2 protein chains.
Amino acid sequence: MNDKLDFILALARERHFGRAAEACGVTQPTLSAGLKQLEKQTGVLLVNRGSRFQSFTPEGERMLEWARRIVGDTRAMHEEINSLRRGLSGRLRIAAIPTALAMVALLTTPYRVRHPNVQFTILSRTSIEILGLLENLEIDAGITYLDNEPLGRVNAIPLYHERYRLLTSAEAPLGNREQVTWAEVAQVPLCLLTPDMQNRRIIDRLLRAAGGESRPTLESDSMILLFSHVRTGRWASVMPAKLAETLGLTDTLRAIPIVEPEATQTVGLVVPSREPMMQITAALVEEAKRAAPTLDN
Amino acid sequence: MNDKLDFILALARERHFGRAAEACGVTQPTLSAGLKQLEKQTGVLLVNRGSRFQSFTPEGERMLEWARRIVGDTRAMHEEINSLRRGLSGRLRIAAIPTALAMVALLTTPYRVRHPNVQFTILSRTSIEILGLLENLEIDAGITYLDNEPLGRVNAIPLYHERYRLLTSAEAPLGNREQVTWAEVAQVPLCLLTPDMQNRRIIDRLLRAAGGESRPTLESDSMILLFSHVRTGRWASVMPAKLAETLGLTDTLRAIPIVEPEATQTVGLVVPSREPMMQITAALVEEAKRAAPTLDN
DNA sequence: ATGGAACGATAGAATTCATCTATCAATATG
DNA sequence: CATATTGATAGATGAATTCTATCGTTCCAT
């Protein structure tokens with residue numbers, strides 16, 4: 001009867017019977033029947049439905065909470081038993097904000113040395129999406145901003161402080177400066193992430209605080225796209241220092257510190273706060289604690 | 001697949017396939033098949049068996065840990081969903097040490113006023129057994145000594161301090177005293193609990209510390225039996241003050257404080273330390289916290 | 001209004017899965 | 001050495017799950 005809990009988790013994710021069924025690898029009538037069975041067993045309506053999925057009832061919400069925990073524990077159990085047999089193995093699912101993607105390798109590389117049988121899935125997501133995925137057990141860990149959004153029921157391990165650089169060609173206006181102010185940056189046409197990204201919202205906030213306005217010439221949800229534009233020498237962008245370094249600077253491409261204020265954002269690892277942790281996740285937390293001191297130059 | 005976890009819990013309790021099967025309400029082959037299925041699924045041997053149950057493998061022990069948690073959470077989930085519908089209901093299973101049995105009513109009575117639909121099962125057990133039952137989810141809460149045994153993964157709520165009285169007829173030797181010493185008590189023939197009870201071991205320890213020896217004339221595992229003997233006026237016993245009061249004193253039956261030292265033992269409620277608690281258990285904890293200040297005169 | 005698409009519920013058939021009874025082999029016990 | 005106990009195995013039965021196919025609503029665009 002406990003495997004039906006997968007159904008209600010999937011339904012919470014998809015908010016759609018058909019898609020939830022597909023996600024569970026069953027047909028839609030099967031999922032419908034499973035939910036109906038849960039409802040019959042508890043004697044309570046779990047889902048408000050009228051020709052389509054509407055919402056969970058309060059009882060459904062509570063069951064959802066428990067289901068997350070129980071399903072998570074069940075997975076953790078199997079994972080741990082497996083580990084006892086042949087060391088840490090399985091697939092570690094991570095989601096990171098785009099600006100942090102470049103540094104994920106600094107965690108995964110030493111991780112892989114220690115635990116060669118673990119496979120990785122790494123997704124690029126917004127900070128909000130990351131928290132949702134964590135909540136729904138669709139990922140094991142996230143890398144995101146720790147300061148702004150309320151994080152929910154997760155453990156956070158700070159990794160480094162994001163510092164901002166104006167990324168621009170040496171020939172462009174401001175291109176020869178040792179540092180620039182946010183007020184000056186506000187005057188430059190920029191390539192920035194789309195507004196659903198927290199990085200963009202942070203930069204917008206800093207620009208506004210400096211009396212400027214954010215009117216980016218170009219928006220994208222891909223850092224690679226932004227960077228490739230800047231690299232032509234005809235565009236400019238604001239990027240975290242670490243990312244700019246990773247992507248590579250040239251003589252003509254400069255990353256100029258932005259001051260007044262010298263803003264920083266804490267970026268860190270977030271994992272579900274469950275006791276005990278899945279070993280595969282615990283090992284990542286270990287790696288993060290090991291790496292953190294060396295990251296923050 | 002998750003309902004098979006019941007099997008391994010039962011097997012841990014009974015250490016016997018047949019009895020475990022009976023406890024689960026299935027036949028022995030069913031339980032055997034269920035375990036074999038778990039082993040096939042995880043690919044690990046869980047139980048060492050050679051013509052009979054021997055032990056769990058390390059992997060089995062780990063799965064046992066998880067199974068306790070998962071099964072407990074599953075129960076808690078159903079219980080909570082039920083509560084949302086028609087208030088707190090279900091059966092609250094408590095085990096208490098014999099000397100604390102009399103005061104259980106001080107918790108259950110106000111509990112019942114607040115939650116009339118909850119039924120009770122109350123068992124008399126030794127302190128050791130109580131911890132085992134808690135561990136195996138066979139009871140929801142225990143009432144036992146908090147000071148001595150290591151408690152394990154439980155939350156403890158102190159209720160009161162047990163103080164000791166010599167229970168004896170007024171005509172007997174020492175019967176006219178306002179207080180007696182442990183050394184004096186050691187000289188009297190006593191009715192005491194059997195040595196598997198912690199209360200007995202505590203008293204033995206106190207008697208020995210006073211230079212005496214414990215040679216009780218009569219042993220029993222039932223407080224009622226002890227008390228009924230004392231009541232005849234021809235026997236004496238050492239009992240917690242609270243218990244003596246509850247059972248009722250008469251002109252000829254006196255409860256004399258024992259000093260040098262004036263020993264006390266903390267008695268309290270213990271519940272599984274799981275987050276969140278089952279509501280039915282949480283309500284008992286509330287009751288305990290409410291009652292505790294008024295209990296310790 | 002009306003036709004069509006999307007969504008979830010329902011019915012009935014096929015099949016898988018769990019459980020039972022009966023029995024066996026191995027081991028412990030006297 | 002005889003017997004009882006314990007857990008594994010085999011085959012039959014029955015229950016439960018899942019599937020395919022279809023239906024009734026609702027929503028939306030024409």
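Per chain, numbering begins at 1; letters A, B, ... match sequence-line order. Here the structure is a predicted model, which is why all the values come from computation and not from measurement.
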If only atom types and distance count, is the side chain of B/Glu80 paired as donor or acceptor with the main-chain N or O of A/Arg62 below 3.5 Å? no
Take atom CZ of B/Arg52 and atom P of D/dT5, then tell me their distance rounded to the nearest Å. 11 Å
Verify, without hydrogens or angle tests, whether A/Arg93 (side chain) and A/Leu137 (backbone) share a donor-acceptor contact under 3.5 angstrom. yes
d(NZ, A/Lys36; C1', D/dT17) in whole Å: 16 Å
Which of residues 18-30 of chain A have a heavy atom under 4.0 Å from DNA chain C? A/Gly18, A/Gln28, A/Pro29
In whole angstroms, how far is the P atom of D/dT17 from the CD atom of A/Gln41? 10 Å
Rounded to whole angstroms, how far apart are CD on B/Glu39 and P on D/dG7? 13 Å
Expressed as a whole number of angstroms, how long is the span from A/Lys4:NZ to D/dA16:P? 11 Å
Do the side chain of B/His16 and the main chain of B/Arg19 share a donor and acceptor less than 3.5 angstrom apart? yes
Footprint ends on DNA chain C, 5' to 3', for atoms under 4.0 angstrom from a heavy atom of chain A, come out as C/dC7 to C/dT10
Begin with the C-alpha distance, continue with both residues' side-chain angles, and end with the deciding distance and a verdict on salt bridge (Lys or Arg N to Asp or Glu O under 4.0 Å) for B/Glu65 and B/Arg153. CA-CA 11 Å; B/Glu65 282 287 300; B/Arg153 232 189 341 288; 3.0 Å; yes
Any donor and acceptor pair, going by atom type alone, linking the side chain of A/Thr57 with main-chain N or O of A/Leu45 inside 3.5 Å? yes
So, A/Arg91 side chain and A/Phe120 main chain: donor-acceptor pair closer than 3.5 Å or not? yes
Specify the separation, in whole Å, of atom CZ of A/Phe17 and atom P of D/dT25. 18 Å
Rounded to whole angstrom units, what separation is found between the CG atom of A/Leu31 and the P atom of D/dC19? 11 Å
Does OP1 or OP2 of D/dT17 have a side-chain N or O of A/Gln37 closer than 4.0 Å? yes
Spell out, as yes or no, whether a donor-acceptor pair under 3.5 Å connects the side chain of A/Arg274 to the backbone of A/Pro272. no
OP1 or OP2 of D/dG7 versus the side-chain N and O atoms of B/His16: is any pair under 4.0 Å? yes
Over how many whole Å does the gap from B/Leu35 atom CG to D/dT6 atom P extend? 17 Å
